[in-house]
Each structure stands twice: as structure tokens, then as C-alpha cells.
Amino acid sequence: MKEMTYAEAVREALREEMIRDDSVFLIGEDVGTYGGAFGVSYGLVDEFGEDRVRDTPISEAGIMGAATGAALMGMRPVAEIMFMDFTTIAMDQLVNQAAKLRFMFGGKAKVPLVLRTPGGSGTGAAAHHSQSLEAWFVHVPGLKVVMPSTPYDAKGLLVASIRDDNPVIFVEHKLLYKTKGPVPEEEYTIPLGTADVKRTGRDLTIVATSIMVPRVLAAAETLAGQGIDAEVVDPRTLKPLDEETIFKSVIKTGRVLIAHEACKTGGAGAEIAARIVESDAFNYLDAPIVRLAGLDIPVPYNRNLERRMVPQVEDIVAAARELVG
Amino acid sequence: MKEMTYAEAVREALREEMIRDDSVFLIGEDVGTYGGAFGVSYGLVDEFGEDRVRDTPISEAGIMGAATGAALMGMRPVAEIMFMDFTTIAMDQLVNQAAKLRFMFGGKAKVPLVLRTPGGSGTGAAAHHSQSLEAWFVHVPGLKVVMPSTPYDAKGLLVASIRDDNPVIFVEHKLLYKTKGPVPEEEYTIPLGTADVKRTGRDLTIVATSIMVPRVLAAAETLAGQGIDAEVVDPRTLKPLDEETIFKSVIKTGRVLIAHEACKTGGAGAEIAARIVESDAFNYLDAPIVRLAGLDIPVPYNRNLERRMVPQVEDIVAAARELVG
Amino acid sequence: MKLKRELCVRMLSKMYEIRIFEETVDDLFARGLVHGTMHLSIGQEASAVGSVFALRDEDYILSTHRGHGHCIAKGADINLMMAEFLGKETGYCRGRGGSMHIADIEGRNLGANGVVGGGIPLAVGVGLSLKMRQTDEIVMGFFGDGAANQGAFHEALNMAAIWTLPVVYVCENNQYGMSMSTNRAFKIERIAQRADGYGMVGVTVDGNDVLEVYEAAAKAVDRARSGGGPTLLECVTYRWKGHSKSDQERYRTKDEIEAWKRRDPIKLFRERLLTEGVITDQEAAGFEEQASRTIAEAVEFAKSSAEPDPDTILEGVYA
Amino acid sequence: MKLKRELCVRMLSKMYEIRIFEETVDDLFARGLVHGTMHLSIGQEASAVGSVFALRDEDYILSTHRGHGHCIAKGADINLMMAEFLGKETGYCRGRGGSMHIADIEGRNLGANGVVGGGIPLAVGVGLSLKMRQTDEIVMGFFGDGAANQGAFHEALNMAAIWTLPVVYVCENNQYGMSMSTNRAFKIERIAQRADGYGMVGVTVDGNDVLEVYEAAAKAVDRARSGGGPTLLECVTYRWKGHSKSDQERYRTKDEIEAWKRRDPIKLFRERLLTEGVITDQEAAGFEEQASRTIAEAVEFAKSSAEPDPDTILEGVYA
Ligand SMILES: Cc1ncc(C[n+]2csc(CCOP(=O)(O)OP(=O)(O)O)c2C)c(N)n1
Ligand SMILES: Cc1ncc(C[n+]2csc(CCOP(=O)(O)OP(=O)(O)O)c2C)c(N)n1
Ligand SMILES: [Mg+2]
Ligand SMILES: [Mg+2]
């Protein structure tokens with residue numbers, strides 16, 4: 001194992017897959033010399049050239065269409081949309097084209113592409129550069145949705161996403177880019193659709209995604225000091241969702257807290273809650289399910305408001321105590 | 001009361017509001033002479049002229065942007081996007097601009113617009129002309145989402161939507177256009193955020209939207225014949241959601257079936273289920289919540305497959321029997 | 001241009017196939033055998049055939065909602081097309097796609113598209129792949145006049161231009177996007193003029209003259225294949241039928257339609273071939289009859305094919 | 001052009017205000033007093049001031065992520081701008097918007113935009129409203145060279161053209177969209193050339209010459225106001241600073257930056273005014289000092305203003 005940041009883990013996955021398979025290429029705004037707005041692809045253009053690390057004009061629909069067309073041809077494009085907020089411009093290509101072509105063509109084509117995009121708030125970039133829109137993609141048949149929370153997961157899931165024969169939305173988090181963690185020296189992949197129990201516990205299950213995972217783990221430590229033993233489940237991929245791992249935990253603990261950054265109403269937590277109460281796990285629930293999520297507002301600029309909008313460690317502790325209490 | 005179709009009810013609302021308020025105007029592809037793809041606005045251009053019933057080029061982002069800009073200026077545009085599938089092209093203008101401008105500007109601007117768009121399958125138009133994407137909009141703070149199921153609701157809710165000072169997504173259903181029902185002679189509005197109990201019952205609560213409402217009501221008749229008394233709640237607006245009316249019903253019946261046409265995973269039913277199990281109503285549930293929804297596939301062309309994809313009356317009957325039984 | 005008999009015969013035959021295919025599905029719809037909707041290209045056959053015939057078999061096309069002509073011109077199996085119309089398991093898309101989504105991946109037709117302008121950016125990706133792989137194949141992307149006002153058009157043409165991609169964009173200007181005439185939707189005379197804004201070659205031709213289309217397309221194809229980059233080729237033509245099945249045609253006059261019918265691209269081509277002595281009247285009639293037989297057989301094939309098994313409904317979403 | 005002293009003095013003063021405002025917020029950022037990111041327009045002041053000064057007070061503007069100049073030129077209250085930077089309740093957006101979303105609705109600045117190209121279609125709606133209400137007001141919509149490759153640009157310019165709307169589109173071509181040079185993003189020389197494709201007038205000017213910008217903008221404004229329809233005005237200029245706070249500037253050379261700095265639009269204008277005897281050196285220094293004072297006061301105002309009350313966080317989402 002070596003220590004690296006989440007951004008480095010993403011870069012290493014890109015680099016290794018580009019070496020392994022020459023049909024893999026990067027396409028997006030400023031992914032070359034600039035290295036992407038967060039420096040994730042920095043240096044790759046020097047190694048692979050401008051053809052395989054392709055800067056584009058500011059044309060998100062064009063980028064997504066180019067990636068989709070290339071994928072139809074058997075290439076494995078990894079497209080980047082600089083901020084998740086701008087997937088709004090590429091939705092037709094993503095949802096009507098990339099996601100549906102295979103089905104519409106009777107299963108006779110494949111669209112193996114990855115769309116990498118950073119979501120989330122916390123950088124003071126306000127309402128056009130901070131959204132968490134994964135719930136939209138979860139709702140679209142034909143897409144897969146991945147949201148890693150650690151460098152280890154980021155690398156293993158990205159490699160798996162690139163090798164997957166379907167369009168995969170790979171959501172990175174800006175605040176995670178600089179977080180560090182161990183990553184194996186040797187090649188590995190994490191199958192899409194496998195949740196990870198980041199902490200085992202008896203008293204309640206906390207299902208958390210992306211930036212919420214480290215916050216929930218920190219909260220769990222505090223809770224442990226207060227005699228509350230939380231189990232933390234990170235689905236890692238929201239579509240497909242590893243519901244078995246979630247149900248197992250719920251059946252064990254009987255209490256569920258779901259934490260995500262995206263706006264609460266219509267967020268991915270709703271689907272997770274609905275799956276639980278549709279399943280046999282419902283019969284083991286000792287209390288209402290609690291969702292802790294972003295407030296239903298656009299992301300505000302002011303630092304305090306921005307922080308207040310999204311669940312923080314202390315909010316998680318408080319919610320868990322109330323749920324168990 | 002007079003009898004009219006759902007399409008006529010929509011047209012009457014448009015017409016009356018255009019007469020009442022000259023800041024109201026229509027904008028969209030083929031809304032003029034053609035009358036819209038489903039003839040909804042037919043004839044209005046003759047009455048109000050080409051300025052107020054404005055045909056546009058095929059430019060969905062442009063339409064949405066034009067409507068948003070006009071709304072910022074105090075006009076009350078009613079934009080049409082010909083099929084809900086093409087809102088994908090207008091998402092930036094809708095989600096980043098229309099929905100957020102007010103908040104981003106510190107509450108100092110208003111965006112009073114309505115986006116009318118027909119959703120739903122059942123016409124053999126396949127995967128690019130049949131989607132039900134309302135869950136996306138439910139997830140966006142700043143938007144309201146309305147889904148009428150009867151001519152009465154369509155008219156009253158559309159008038160309220162036009163008079164609302166916020167961007168409202170008004171989702172019509174292609175298969176409902178020709179359905180008939182009573183509509184008052186005199187002016188009326190239905191406040192956004194008020195559910196309607198379409199049928200009272202004791203044994204289970206069925207929450208249904210849009211095209212599912214008539215199907216659920218038909219199923220309820222069959223169920224009644226089999227000794228099962230279903231209460232049918234139509235939220236009518238998904239955002240804001242009248243959760244009180246839903247909770248009250250759930251507390252009474254203890255059993256919940258949620259029916260919608262949109263793909264199940266990440267659909268609006270997830271949010272409704274989550275709200276129920278987060279609330280006190282959870283404590284009254286006698287069984288897991290059941291969601292009956294579109295399969296997680298793009299809409300297929302073949303008639304039988306298309307029908308099979310979406311809950312039909314017999315599916316609702318079967319699901320209700322199983323839930324109660 | 002000295003007319004090559006073999007090419008002309010193939011072109012004329014394809015035009016008949018397209019015409020009769022569409023008249024037939026129109027009729028099947030009227031008789032309730034095909035459901036949904038469809039967009040007929042009757043009157044536009046020269047544009048489809050003239051441009052696709054400039055391609056090699058290994059080249060690719062991307063088509064539109066009004067795509068039967070492109071599909072047939074590219075060499076599709078009519079049986080599989082017809083079966084798709086009837087929603088049968090034997091159809092190109094196993095009955096999942098219908099008229100608006102027919103793709104013939106093996107035949108290198110990467111599909112029609114239900115989204116106006118939706119295929120235009122896809123052609124960038126296809127062209128990019130062909131270029132990155134250093135093949136000498138090219139891609140031809142079709143769209144209508146209406147689609148030229150979509151943002152996707154703009155982004156894609158610019159990308160194709162700056163990267164000098166092997167793409168030929170064919171804009172079939174049939175004067176209307178649904179009810180919106182080009183006069184109302186554009187303030188310019190020729191859509192091909194927009195090519196200038198991308199540093200791309202733009203050409204406008206009489207889209208009812210199959211040979212004029214063919215020649216212009218051949219030049220564009222050469223340019224693309226030889227590394228000269230993309231072209232925007234505008235074929236000015238007209239659709240005889242309503243936009244789709246919901247059209248009341250209130251936005252145009254009978255006179256206008258009749259005037260264009262007098263410039264029937266098939267009749268024009270047939271007459272020219274007769275005049276120049278390339279074929280005889282009897283031969284022409286033979287090609288037309290042969291096309292009729294092909295279509296009639298396809299109807300039989302489609303009718304006798306099985307419906308998709310409902311239990312397979314979840315198939316094909318993911319690879 | 002005979003220079004009008006009063007106008008020139010106002011323009012020069014505004015340019016100083018913009019320059020010093022941006023230098024100041026840059027410094028506040030470095031000292032951790034402003035967070036997030038910001039896009040400075042230092043070096044582009046002539047483009048903002050020259051074009052906005054061609055407007056009347058009743059006219060509207062729509063701005064961009066690089067919008068401080070437009071905002072100040074349109075007459076914004078610097079105190080409220082500065083307070084917005086510091087995220088204060090007294091800011092234009094009550095601290096909710098920050099640099100990228102400043103709007104001054106009363107001053108008829110309908111806002112900056114965090115989405116590249118996002119404001120271009122809004123201008124269509126504003127122009128349409130002005131026309132439908134038969135006012136003689138107009139709207140000026142700003143965007144960068146990079147934005148001209150967004151689909152939204154294409155759809156909007158076409159709509160503005162076909163409906164002959166009272167819009168002036170100003171493309172501030174500062175040679176780069178982030179790291180992407182116009183050389184790589186376009187295959188044409190002048191972005192204004194794209195106007196032809198919409199049947200619109202297109203004009204390119206030296207964006208560092210405030211008077212040249214002003215004159216061209218005044219013509220475009222007249223055209224819009226008198227029913228002559230929209231114009232695409234391209235101002236060729238350069239940004240001195242990095243794209244935003246994350247920029248390492250690996251994509252351009254120091255030499256290039258230095259060359260453009262020698263064409264500092266403020267220095268050029270000041271020198272011209274001195275040469276032509278419109279103002280004295282001392283007067284110019286006075287304007288600069290006055291601008292400094294205004295900005296310094298704004299910093300004080302902002303610093304002493306209250307933070308938003310967290311309990312009001314849900315306000316302003318719905319009307
Ligand atoms: C994005 C989108 N908007 C609207 C429609 C509805 N629609 C289908 S075809 C059409 C007209 C297309 O015009 P054009 O591009 O000229 O092609 P034509 O139909 O004339 O062949 C419209 C508006 C659609 N399918 N997709
Ligand atoms: C739709 C969208 N894509 C990408 C970005 C990230 N971004 C912000 S500014 C910018 C460059 C814009 O270039 P240009 O339009 O030339 O304006 P300039 O920054 O040069 O003033 C980019 C890529 C964005 N904000 N919005
Ligand atoms: Mg057309
Ligand atoms: Mg620029």
C-alpha cells in the first residue's frame with residue numbers, strides 16, 4: 001500500500017488504464033495543460049499527447065455527444081464535465097443518447113464511457129458550481145452512478161468504470177480531492193454495485209455517500225465515546241445499488257440514518273429509504289428512518305450559510321443521538 | 001359545470017389568463033398555427049396573434065432562456081416543450097437559471113413562468129418521446145411541479161401556476177388529453193400544494209399521480225367488488241407536496257401503495273415513501289410500502305412491451321390485493 | 001457528367017425502394033398495422049440516395065427521425081426494417097425502437113434519432129474515433145433545417161471543424177421544421193452559409209437532383225477522406241407528406257405542395273436517364289416493380305415474424 | 001471623433017474604479033478576507049466601459065462570471081458589491097451570490113452568471129419583453145470568446161435575429177476560455193463573423209480602445225433602439241490575471257502577457273486624453289485617487305456590515 005490523495009488515485013487510475021488500453025482517452029475542457037479545474041489530469045497530456053488528452057471548446061453537449069459517438073465505435077472515452085452543475089447542458093446526450101442507444105437499438109450497440117465530474121459544495125463557489133445532482137442519474141435506466149469516498153475506492157471504482165461496457169457517471173467530490181488514504185501498489189478493481197461497510201456497529205445504520213462518509217465516520221467516533229455504536233455503510237455505487245448490504249445492516253441495527261449532501265427532497269436518500277421500507281428490512285425497523293441531507297435551497301455563497309446548508313459532523317452526531325435516544 | 005376534455009381545459013386556462021393579463025404569453029415550437037403537437041393551443045394564435053402565441057425555432061434551451069429572461073422582466077411566459085424528453089436540452093436554463101436566479105440574487109428578482117410539457121408513454125412513440133422525468137424537477141429547489149390528472153385539476157392548477165410568482169413545471173399526460181370531465185363555468189384556481197382525495201376508503205392508501213389516477217380509480221372499483229376499500233390520494237402537485245393529506249390517509253389505513261408511471265428507481269414515489277417513513281405515519285404502517293412504477297428501462301416501441309412497462313389497472317389490483325391480503 | 005449506367009440504375013432502384021417502402025408503411029399505418037408515428041421522406045429521396053451513394057460500404061452514417069431513406073440507401077435489409085415497424089422481434093431493434101430508432105450497426109448505420117439534432121454531436125465522436133484510429137473511413141451525419149437551430153449543431157460543427165474530422169454533414173432543408181418555415185426560423189438564405197462561421201466548407205445544392213447531390217457529396221466525401229476536414233452540404237428539397245401522423249398541414253398551401261410535386265426527384269431522374277439513353281422506359285418500370293416486390297415480401301416477412309417475448313423486456317438496457 | 005470631456009472623464013474614472021476594485025478584491029482574497037473564487041477583468045476595462053457607456057440608464061445588461069467591470073460601469077453601488085464579496089447581508093445578493101452572481105436589479109443589471117453562455121438566452125427574453133411592451137429600452141448581453149462555442153449562443157443569436165430584438169451582444173474576446181486559446185477553439189479569425197450565419201450585423205473592434213468600443217457600441221445600440229435588430233460586437237482584448245484563483249497559467253507565456261500589458265487600456269486612454277488636451281495629468285491623478293477612496297470606503301462598509309443571519313437561510317428560494 002502507498003498513501004495518496006483522492007485526486008492522485010483518480011489520476012493513477014486514468015493513467016494506468018490509458019497505458020493498458022489504447023482505446024481509452026480523455027476529453028473535456030482544460031483537461032490537458034491546465035490539468036482540469038482541480039488538477040486531476042495534470043501531467044497526462046505530457047505522457048499521452050493532445051490526441052488522447054483532448055481539450056475541447058466550452059461545449060458540454062458536444063463533449064458528451066463526442067464521447068457517446070466514440071463509445072459507439074468501441075473507444076472508451078473518459079469525458080470530464082468541469083463541474084457537475086454543467087451536466088445540465090449535456091443531459092440530452094447523456095440521457096437520451098448515451099443511456100438509451102443500446103436499448104433502442106435492440107441491444108445491438110454498446111456505449112462504454114465514463115463521465116467524470118466533481119460535485120458538491122464547500123468551496124465558496126455558490127449555486128452554479130456546487131450542486132450534487134446524482135439523483136437525476138440514478139433515475140435514468142442505462143446509466144450507472146458511482147460516488148467514491150476514499151482514494152482506495154476512487155481508484156478501484158474508476159478502473160472498473162472504465163472497463164465497464166456502459167455509460168458510468170463517476171462523481172468526485174471537490175473537498176475529497178486532497179484527502180489521503182492507502183492505495184494498493186498492484187492493480188485492483190472494485191466491482192460496481194458493491195457497498196462497503198466502513199465501520200461496523202450495533203446501534204444504528206448510517207448510510208452515507210461521498211463527502212458524508214468521512215463526516216459520518218468522525219461522528220461515529222464521537223458517538224462511540226457516548227456509548228452509541230454506529231455501523232457505517234457506503235453504497236459507493238448508487239446505481240446499481242447494493243441493497244443487500246444495506247438491508248443486512250438495517251436488520252441488525254433496526255435504525256437508519258441516511259446522510260447525503262444533495263438536496264433532501266428527491267435525493268438519492270429517498271430511494272434508499274424506499275428500498276428499505278419495501279423490503280423485509282421494514283419489519284426490523286424500530287424507528288422512523290431519518291434522512292440528513294442538504295437543505296432544499298441553491299448553494300449559498302456565504303461561508304456560514306454554505307456550511308449550514310449541508311450536514312456537518314455535529315449534525316450527524318445530533319441526529320444519530322436523537323434516533324437512538 | 002360543463003364537460004370538456006383535459007386538452008380543452010388546458011386551453012381554456014391559457015385563454016382566460018391571456019385575456020385577464022396581457023403579460024401572459026405562449027412560446028414554444030409549433031404552438032401557433034399547428035396548435036402544438038397535441039393541438040392544445042390550437043386557435044389561440046388567431047385570437048391573440050403571433051406575438052403572444054410565439055412559434056420558435058427548434059431551440060429548447062433558447063425557449064427556456066427566453067421565457068426566463070422575460071419572466072425576470074415581469075412578463076408571465078407560458079413556455080411549451082413539445083415532449084418532456086426534450087427538457088433535457090433546456091436543463092441549464094431551467095435548473096441553473098430559472099430556478100436559482102431569485103435565490104442567487106438575494107431574493108431580489110422573481111421568475112414567474114410556467115413550463116408546460118407532455119410526459120408519459122402509451123402512444124407508441126418509443127424512448128425519445130415518452131419519458132416521465134418529473135422526479136428530476138422535484139429535486140430542484142426553486143421549482144414547483146404540478147401533475148394534473150383530470151380536466152378540473154388541469155384548469156384550476158394551470159391558472160394557479162400562471163399566477164404563481166415562481167417557475168412551475170406543469171406536466172400534462174398525452175393519454176389524458178382526450179379524457180373528459182366536469183369543469184366549472186366560473187373562474188377558479190386550485191392552490192399549488194393541495195392534494196385531492198379522489199376516493200375515500202379504509203383498507204389501504206393508494207397515492208397516484210397523473211395517468212395513474214384514473215387507472216387506480218378503476219382498480220379501486222374492482223377492489224371494492226372484492227371487498228377491499230381503497231383510498232386514493234392524488235398529490236396533484238409534487239412540489240410542494242401536501243404531505244399532511246397523505247399522512248392522514250396512511251394513519252387511517254396503515255397500508256400504502258404508491259403508483260406512478262416514471263421509472264421506479266429514483267422516481268417521485270421514493271420521496272413520498274421516504275416522507276411517510278420519516279413521519280409519525282411510520283408508526284401506523286402495518287406492512288411495507290409498495291411502489292408500483294415504470295420498469296427501469298427506456299420506453300420500448302412495441303405495443304405490448306410498452307404497456308407492460310407501465311402499471312396497468314390489473315397490476316394495481318394485484319398489488320393492492322397482495323398488500324392487503 | 002458522363003452518367004455511369006450501373007450507378008444510375010442502383011440509385012434509381014433505391015429511390016423506388018424508398019418511395020414504395022414509405023407509401024407502404026403509410027398504408028399500413030392507415031390500416032392500423034403500424035402504430036405510433038412516423039416521418040415520411042417522400043419527395044426527398046434524391047437527397048438521401050445522392051449523398052449516401054457517395055460513401056463506401058465501410059463508411060458510417062447517422063440519421064434522423066426522417067431516416068427511412070438514409071437507412072435504405074445505406075443498404076439496410078428491408079425485411080428487418082419492416083419487421084421493426086411492426087414491432088417484431090426480428091426487427092432491427094427487436095421491436096424496441098420503431099421507425100424513429102432504426103439502426104443497422106453492421107451496415108454502419110449508427111441509427112436514426114428521435115431528438116432533433118441529437119445525432120449531430122454523435123458524428124463528432126464517430127469522426128474522432130475514425131481519425132484517432134487512422135482509418136480512411138468517414139462518417140456522414142444527416143439532419144434537417146430545423147435541427148440547424150439546435151445548440152448541438154453549433155457545438156458539433158465547430159468541434160468537427162477545429163479537429164479537421166472526417167465528417168460530412170448533410171442538412172436536408174425541406175423548408176419546414178414541423179410547421180416552422182425556414183423563412184421564419186432563419187434570417188439567412190442558405191443554411192450552408194453557417195459553415196463559414198466554423199471555418200468549414202459549405203455547399204448548397206438542388207436536393208431534388210440526385211446527380212447534383214451525388215457530385216457535391218462525392219467532393220465532400222473526398223475532402224473528409226483525404227484529411228481536408230468536414231463539409232456542410234445543404235440539400236434543398238421538400239417533403240410531400242405531413243410532418244408526422246399528427247399534422248393537419250395548416251401552415252402551407254396545396255399549391256406549394258403541388259409545385260414541388262412537379263419536381264418529383266424520382267421522375268426527374270428517370271426522365272433524365274431516359275433522355276440520355278442510359279436506360280429504357282421498360283427497364284425503369286422493371287426497377288419500380290422489383291422495388292414493389294421487395295417491399296411486399298418485407299411486409300410478409302414482418303407479418304409472419306414473432307412478437308418480442310414480454311419476459312425479455314428487461315434485456316438490452318445494460319451490456 | 002471630437003472628444004466630449006464630460007463623457008471621457010466619466011469613462012476614465014469608471015475604468016479606474018474597476019481596476020482598483022479588482023486589485024483590491026484580489027488582495028482581500030490573498031489575505032483570506034474573500035473566499036471562493038473570482039474572475040478578474042483587469043486589462044479588459046475598455047470593453048466593459050466603452051460598451052456600457054453607450055447605453056442609457058433605463059437599458060439593461062446581462063453579465064458574466066467575469067462581470068465586475070460591467071457591473072461597475074452600469075453604475076452599481078460599490079459598497080453593495082464589496083459587501084457581496086465579503087458575503088455580507090448588506091451585499092447586493094445578501095451574501096448568497098458572491099462574485100459570480102452579482103445582480104443590481106434596480107440598476108438594470110440582471111446579473112452575472114456562473115454558467116458560461118448561460119446569460120445569452122436570457123437576453124432574448126429580456127429583448128422580447130422590451131419589444132412586446134413597445135418600450136425603447138434595449139438590453140446588452142455580455143459573454144466571452146469561450147461562450148461563443150456554447151449551443152446557447154447559437155440558439156439565442158438566431159432567435160434575437162429572426163425576431164429583430166433590441167439586443168446588443170458583446171463578445172469580449174480575451175483570447176482564452178480558461179486555458180483554451182481562440183486559435184485552438186475556433187477555426188475562424190473573427191468571432192463576429194458568426195453574425196453572418198444569423199443574418200445579424202457583426203463588428204470587431206479593438207477592445208482595448210475605449211473610444212473605439214464606445215463608437216461601435218453606440219451604433220449597435222442605435223440599431224437596436226431604432227428597430228434595426230441585434231448586433232454581435234466583438235471586443236478583442238486580454239485578461240492580465242489568471243483565469244480564476246486556481247490558474248497556474250501554463251498555457252501562455254510571460255511575453256505574451258507583457259506585450260498586452262503595454263497596451264493597458266487605461267494608460268492608452270489617459271494618454272490620449274492628455275495628448276488631446278482633454279484633461280491634465282493632475283486631473284487624471286485625481287480621478288484615480290477618487291476611485292481609490294471609493295473602493296477603500298467600500299471595504300470599510302463591507303467589513304463593518306453584518307453577516308446574514310443563519311436562520312434566514314431558507315429565504316429567497318420562492319417568491
Ligand atoms: C429536440 C426536439 N425538439 C422537438 C422535436 C419534435 N420534432 C420532431 S421532428 C421536428 C421538426 C424537425 O425539423 P427538421 O430538422 O427540419 O427535420 P424534418 O422533420 O423537416 O425532416 C420536431 C419539431 C424533437 N423530436 N426533438
Ligand atoms: C457551462 C460552463 N462550462 C464551464 C465552466 C467553467 N469555466 C468558467 S469560466 C470558463 C472560461 C470562459 O471563457 P470565456 O467565455 O472566454 O470567458 P472569460 O473567462 O475568458 O472571460 C470556464 C471554462 C462554466 N463556468 N460554465
Ligand atoms: Mg425540415
Ligand atoms: Mg475568454
Side-chain angles (χ1 to χ4, degrees), chain C residues 115-122 124 127 143 145-165 167 169 171 173 176-177 180-202 204 223 227-232 234, chain D residues 115-122 124 127 143 145-165 167 169 171 173 176-177 180-202 204 223 227-232 234:
Chain C
V115 179
V116 169
I120 309 180
L122 299 179
V124 171
F143 54 90
D145 47 286
N149 284 326
Q150 283 285 25
F153 161 93
H154 180 69
E155 300 189 4
L157 265 72
N158 186 57
M159 288 164 96
I162 59 171
W163 297 333
T164 324
L165 299 182
V167 182
Y169 278 118
C171 178
N173 176 356
Y176 292 92
M180 188 79 166
S181 68
T182 48
N183 289 337
R184 294 201 297 148
F186 294 83
K187 227 188 159 173
I188 52 173
E189 288 302 314
R190 299 185 313 104
I191 294 173
Q193 190 185 329
R194 289 198 172 158
D196 297 349
Y198 310 109
M200 188 188 286
V201 179
T204 304
R223 182 176 301 119
T231 304
L232 173 56
E234 176 186 12
Chain D
V115 179
V116 170
I120 309 180
L122 298 179
V124 171
F143 55 90
D145 47 286
N149 284 326
Q150 283 284 26
F153 162 93
H154 179 70
E155 300 189 5
L157 265 72
N158 186 58
M159 288 165 95
I162 59 172
W163 296 334
T164 324
L165 299 182
V167 182
Y169 277 118
C171 177
N173 177 356
Y176 292 92
M180 188 78 166
S181 69
T182 49
N183 289 337
R184 294 202 297 149
F186 294 84
K187 228 189 158 173
I188 52 172
E189 288 303 312
R190 300 186 312 105
I191 294 172
Q193 191 185 328
R194 290 199 172 158
D196 298 349
Y198 309 110
M200 186 187 287
V201 179
T204 304
R223 183 175 302 116
T231 303
L232 173 56
E234 176 185 12

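Every chain is numbered from 1, with letters handed out A, B, ... down the list of sequences. Values in this document were obtained by computation on a predicted structure and should not be read as measured data.
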The interface call for C:R190 against chain D, heavy-atom contacts under 4.5 Å, is neither
Flag the one option from C:G199, C:A156, C:A152 with the top tally of heavy-atom pairs under 4.5 Å to chain D.
C:G199
Which portion of C:D196 sits near chain D, non-hydrogen atoms under 4.5 angstrom:
both
Checking C:W163 against C:V124 for the side-chain contact (heavy atoms from CB on, under 4.5 Å) test, could you report, in this order, the C-alpha distance in whole Å, the side-chain angles of both residues, the deciding distance, and whether it holds?
CA-CA 9 Å; C:W163 297 333; C:V124 171; 4.1 Å; yes
Side-chain (D:Q150) to main-chain (D:G118) donor-acceptor, under 3.5 angstrom
no
For D:R194 and C:G197, indicate whether the former's side chain and the latter's backbone hold a donor-acceptor pair under 3.5 Å.
yes
If you count heavy-atom pairs under 4.5 Å between each of D:E155, D:M200, D:R184 and chain C, which one has the most?
D:E155
C:T164: side chain to side chain contact (heavy atoms under 4.5 Å, CB included) partners, not counting sequence neighbours
C:K131, D:K187
Please state whether the side chain, the backbone, both or neither of D:A195 comes within less than 4.5 Å of a heavy atom of chain C.
neither
Under 4.5 Å heavy-atom distance to chain C, tell me which part of D:A148 shows up: side chain, backbone, both or neither.
backbone
Do the ring planes of D:H154 and C:H154 sit parallel (below 30°), tilted (30 to 60°) or perpendicular (above 60°)?
parallel
